[in-house]
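Below, all heavy atoms of this structure are taken into account, side chains as well, without hydrogens, waters or symmetry copies. Start at 1 with the first residue, then count along the sequence.
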Amino acid sequence: MALLLWACGVSAQTLRWANQGDPQTMDPHSQNESLTNMVNGQIYERLTNRNARLAIVPGLAEQWTQTGPLSWRFKLRAGVKFHDGTPLTADDVVFSIQRAKEPTSQIAVYANAVGTPKRVDDLTVDFQLATFNPIFLQHIDQLWIMSRKWCETHRVAKPLDFKNKEESFTSLNANGTGPYTLVSRQPGIKTVLKRNANWWGKFQGNVQDVVYTPIASDATRLAALISGEIDFVHDPAPRDIARLRNTAGLKIIDGPENRIVFIGMDQSRDKLLYGKVPGDKNPFKDLRVRRALYQAIDIEALKAKLMSGLAVPTGGLTPSGDASFDDPALHTRLPYDIAAARKLMAEAGYAEGFEVTLDCPNNRYINDEQICAALAAMWAQLKIKVKVNAMPRVLYFPKLEKQDSSLFMYGWGGSVTDAEAILTPLYRNRGDKGVGFYNFGNVRNDKADALMAQSSVEADPKKREAQIRGALVELREQVAVIPLHRQIIPWAVRANVTPVHRPDNWVELAWVQVK
């Protein structure tokens, strides 16, 4: 009887979830952005999955084997169906990997890294690589599987071109194999999901329905949580955490995030797109200017005053310390030193500064716009006049993807802790097949690039570590980007809600309990 009552109660469990931003598209290959991936990741699945500690576990593939240095075989689960009832087969996997390699895909760098997929039979797929991939499974774990039949029927065999504002059937519709189905999508208003009763997996939570609502204002999100209109705020403002910890009916669940937040600079153009500089030059091509901006940042003030301690300042260039071997030599920041920064500016010929626009999201990272404003004030001490140009992520990321920026804030993280996860997509010289796609400053460092290219195919762990270390040292010395901090992520929930906090800041709805 108790079990029956519990089952009856389950049917009414709805999770009302809020964040300052909104998913950008329902096309899982079109935008590689955390919130977009996370919402799509309740609908779509990968061959592999992650547990609460980020270890790789079976997903749509129940097992896999490395059949040679350059080959892998995956056995798919039998009986898995897409939400429209179509059975999952090897053809869907091959189609999805090839779709993810298209120029309009933002995960092409991962899809190309896993080689060529080939159907062996309905439930078996082989992957043949041209070169050794030391983190093959980590790359496989980034690739969402779609229905070939559904995509072809709706004329979406290629990912939509989000940065050029293309609209397609996948803008508002989805058809995955995952634990939740898409009921409705209203961009900027709400996204509704419903539990997939035919999911192959096992639910650890009891959430039946999910209503995701973007609420831009920190104060409004907080008020909605306190009043009970919202059950779960994914990104409470750091300044509110102490208050929330002491508010009856609420609780805070927090932990460090595998993410680095940094400042990027256009280092390729001879003249800035957005700035006014003596001599019409690009000051960011000068290492002394890059170092000056770095040394003018009072990182401890940012941590204490803006982040309320919910940040770990770093000079590292990787999302986690693990990726750079927890070596202090690769994590130490350049010292905060205004006098040294002014001297560098004078030596570079910019003693009187210059003007530049700092592009910044206002609903992506913790206190993103506020951090940009604080940086502008700090750089004013170098007589640099900074205009902060803040905008929602739906506008911000396409702008960066077009390299339409002179100075910008960016962040990188996720479930992969290996350095390769950031080296090839973000620090490599821009090339084809997704290499350097996220190098929005178009930084060229041939020495570091050669080391990174070697490390991405090196089979010997010791040689690979030396290559990664060498690349990171070179990138640090040349100030490829200006690192700020790694975020500590708090989640604010009603007392009756229990999610599982992961280091990649990922909400797995199938694990959430609502009492």
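Gln295 and Pro335 make their closest contact through NE2-O, 2.9 Å (heavy atoms, listed as atom of the first residue, atom of the second, distance). Summarising the geometry of Ala52 relative to Pro503, their closest heavy-atom pair is O-CD, 3.9 Å, with the distance given to 0.1 Å. Among all heavy-atom pairs drawn from Ser268 and Asn282, the shortest one is N-ND2, 4.2 Å. What you find for Asn37 and Trp506 is that their closest heavy atoms are O-CH2, 3.2 Å. Closest of all the heavy-atom pairs between Arg430 and Gly436 is CG-O, 3.2 Å. The two residues Ile468 and Ala419 come nearest to each other via the heavy atoms CG2-CB, 3.8 Å.
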Mind running side-chain contact (heavy atoms from CB on, under 4.5 Å) on Leu400 and Tyr410 for me, showing each step along the way? CA-CA 9 Å; Leu400 291 190; Tyr410 202 58; 3.7 Å; yes
Output, in order, the C-alpha distance, side-chain angles, deciding distance and verdict of salt bridge (charged side-chain N to carboxylate O under 4.0 Å, His left out) for Asp337 and Lys343. CA-CA 10 Å; Asp337 189 333; Lys343 183 180 178 181; over 6 Å; no
Decide side-chain contact (heavy atoms from CB on, under 4.5 Å) for Met307 and Ile488; before the verdict, give the C-alpha distance in whole Å, the side-chain angles of both, and the deciding distance to 0.1 Å. CA-CA 9 Å; Met307 302 301 289; Ile488 294 176; over 6 Å; no
Does the pair Thr318 and Ser324 meet the rule for a side-chain hydrogen bond (donor to acceptor under 3.5 Å, both in side chains), with working shown? CA-CA 7 Å; Thr318 56; Ser324 43; 3.2 Å; yes
Full working for side-chain contact (heavy atoms from CB on, under 4.5 Å) between Leu317 and Arg476: CA-CA 8 Å; Leu317 300 180; Arg476 280 167 49 85; 3.7 Å; yes
Would Leu54 and Arg502 satisfy side-chain contact (heavy atoms from CB on, under 4.5 Å), going step by step from the backbone distance to the final call? CA-CA 7 Å; Leu54 298 186; Arg502 285 191 356 187; 3.7 Å; yes
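The aromatic rings of His234 and Trp491 sit tilted, their planes meeting at an angle between 30° and 60°. Between Phe232 and Trp17, the ring planes lie parallel to each other; the angle is under 30°, not in the 30° to 60° tilted range.
Side chain of Arg46 to main chain of Asp141: a donor-acceptor pair is present (N/O by atom type, distance under 3.5 Å, no hydrogens or angles). Without hydrogens or angle criteria, Arg288 side chain to Ala341 main chain gives no donor-acceptor distance under 3.5 Å. For the pair Gln31 (side chain) and Gln106 (backbone), a donor-acceptor distance under 3.5 Å is absent. With hydrogens and angles ignored, the 3.5 Å screen pairs no side-chain donor or acceptor of Ser406 with any backbone N or O of Asp266. Checking side-chain atoms of Ser105 against main-chain N and O of Ala100 turns up a donor-acceptor pair under 3.5 Å. Here the side chain of Thr104 pairs a donor or acceptor atom with the backbone of Pro159 at under 3.5 angstrom. Of the possible donor and acceptor atoms, none in the side chain of His485 sits under 3.5 Å from a partner among the backbone N and O of Ile299. Between the side chain of Asp22 and the backbone N or O of Pro187, no donor-acceptor pair lies under 3.5 Å. Using modelled atom types, one side-chain atom of Arg342 and one backbone atom of Gln381 make a donor-acceptor pair closer than 3.5 Å. Judged by distance alone, the side chain of Ser217 and the main-chain N or O of Thr220 form a donor-acceptor pair under 3.5 Å.
Thr191 has its side chain out of reach of Gln42: every pair of non-hydrogen atoms, C-beta onward, lies at least 4.5 Å apart. Contact of the Val493 side chain with the Lys251 side chain is registered, since non-hydrogen atoms from C-beta on lie closer than 4.5 Å. Contact check for Glu102 versus His29: no side-chain heavy atoms found under the 4.5 Å cut-off. Counting heavy atoms from C-beta outward, Leu423 and Arg428 have side chains that stay 4.5 Å or more apart. Side-chain contact between Pro134 and Glu458 is absent, with no heavy atoms from C-beta onward closer than 4.5 Å. Looking at Tyr427 and Val443, their side chains never come closer than 4.5 Å, going by heavy atoms from C-beta outward. Side-chain contact between Ile422 and Ile260 is present, with heavy atoms from C-beta onward closer than 4.5 Å. Residues Ile297 and Tyr336 have side chains not in contact (no heavy-atom distance under 4.5 Å, counting atoms from C-beta outward).
Note that the CG atom of Leu302 and the CE atom of Met378 stand 4.0 Å from one another [nearest 0.5 Å]. To the nearest 0.5 Å, atoms CG (Leu160) and CD (Glu167) are separated by 7.5 Å. A distance of 13.0 Å separates CZ in Arg469 from CZ in Arg464, rounded to the nearest 0.5 Å. Between Asp504 atom CG and Thr417 atom OG1 the span is 10.5 Å, to the nearest 0.5 Å. In this structure, CE in Met345 is found 3.5 Å from CD1 in Ile384, a value given to the nearest 0.5 Å. Rounded to the nearest 0.5 Å, atoms OH (Tyr110) and CG (Asn32) are 4.5 Å apart.
Salt bridge status for Asp270 with Lys285: present, with a side-chain N to carboxylate O gap under 4.0 Å. Between Asp286 and Lys281 there is no salt bridge, since none of the side-chain N atoms of the basic residue sits less than 4.0 Å from a carboxylate O of the acidic one. Ion pairing between a basic and an acidic side chain is recognised when a charged N comes within 4.0 Å of a carboxylate O; Lys447 and Glu474 show such pairing. A salt bridge links Arg245 with Asp254: at least one charged nitrogen is closer than 4.0 Å to a carboxylate oxygen. Using a 4.0 Å cut-off between a side-chain N of Lys or Arg and a carboxylate O of Asp or Glu, Asp404 and Lys163 do not qualify as a salt bridge.
Counted within 6.0 Å of NZ on Lys385, heavy atoms from surrounding residues, nucleotides or ligands total 12 or fewer; the atom is thus considered open. Atom NZ of Lys402 has more than 12 heavy atoms from other residues, nucleotides or ligands within 6.0 Å.
For the side-chain hydrogen bond (donor to acceptor under 3.5 Å, both in side chains) with Arg221, the qualifying choice from Asp235, Asp240, Thr213, Asn19 is Asp235, the only one to do so.
For the residue pair Ser171/Arg185, the side-chain donor-acceptor check at 3.5 Å is not satisfied. Between the side chains of Asn389 and Thr357, no donor-acceptor pair of N or O atoms lies under 3.5 Å. Using modelled atom types, one finds no donor on one side chain facing an acceptor on the other under 3.5 Å when comparing Asn429 with Asn439. Side-chain N/O atoms of Ser30 and Thr25 include no donor and acceptor closer than 3.5 Å.
For the pair Arg259 and Trp412, the cation-pi criterion (under 6.0 Å, within 45° of the ring axis) is not fulfilled.
Annotation: side chain to side chain donor-acceptor pair (under 3.5 Å) contacts of Asp231 (sequence neighbours excluded): Arg16.
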